[in-house]
Amino acid sequence: MPARSSNDTSANPSSPVAVRAAFLTVKDAADYLGLSPHTLYVWRHRRQGPPSFRMGPRGRVMYRVEALDAWIREQEHADSRSNPALSPLNAPPQERSSRLLSG
């Protein structure tokens, strides 16, 4: 039987490595999303973007990986290029208002 490495989180899901993988700092979350940390700070200030929270005595801003993944899925579903149901090309043609035609 192969020996488990000390970094194998499957043996102990509450290990510090697993906890670090579940929570990301602003820099790590920005890397994960392919954004700059500044963008995440601006979005947080505007109450936009993925959900974040403060953790620990120094109040570091952190992100849950699962929340980032859920936020990405929401963005995909809200984009008409990824969600055909939202595409204006799939919508039935609209009738012009008679008010516009009589002007």
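Along the sequence shown, residues carry numbers from 1. Just so it is clear, the structure is predicted and the values come from calculations on it, not from any experiment.
With sequence neighbours excluded, the residues that form a side chain to side chain contact (heavy atoms under 4.5 Å, CB included) with Ser36 are His38, Thr39. Applying the side chain to side chain contact (heavy atoms under 4.5 Å, CB included) rule to Arg46 yields the partners Val42, Gln48; only residues at least two apart in sequence or on another chain are considered. Legend: residues meeting side chain to side chain contact (heavy atoms under 4.5 Å, CB included) with Tyr41, ordered by chain and number and at least two apart, are Val26. Residues forming a salt bridge (charged side-chain N to carboxylate O under 4.0 Å, His left out) with Asp69 (at least two apart in sequence, or on another chain): none. Applying the side chain to side chain contact (heavy atoms under 4.5 Å, CB included) rule to Glu66 yields the partners Arg64; only residues at least two apart in sequence or on another chain are considered. Partners of Arg44 under the side chain to side chain donor-acceptor pair (under 3.5 Å) rule, at least two apart in sequence or in another chain, are Ser52.
For the pair Met62/Leu24, no side-chain contact is recorded, criterion being any heavy-atom separation below 4.5 Å from C-beta on.
Pro51 and Tyr63 get closest at one heavy-atom pair: O-CD2, 3.3 Å. Closest non-hydrogen pair, Tyr32 versus Leu68, comes out as CD2-CD1, 3.7 Å. When all heavy atoms are compared, the tightest approach of Arg54 to Gly59 is NH1-O, 2.5 Å.
None of Leu35, Ile72, Leu40 except one satisfies the side chain to side chain contact (heavy atoms under 4.5 Å, CB included) rule with Pro50; the exception is Leu40.
Relative ring orientation between Phe23 and Phe53 is described as perpendicular, the plane-to-plane angle rising above 60° on a 0-90° scale split at 30° and 60°.
For the atom pair Trp43 CH2 and Trp71 CH2, the distance stands at 4.0 Å (nearest 0.5 Å). The distance from the CZ atom of Arg73 to the CD atom of Gln75 is 11.5 Å, given to the nearest 0.5 Å.
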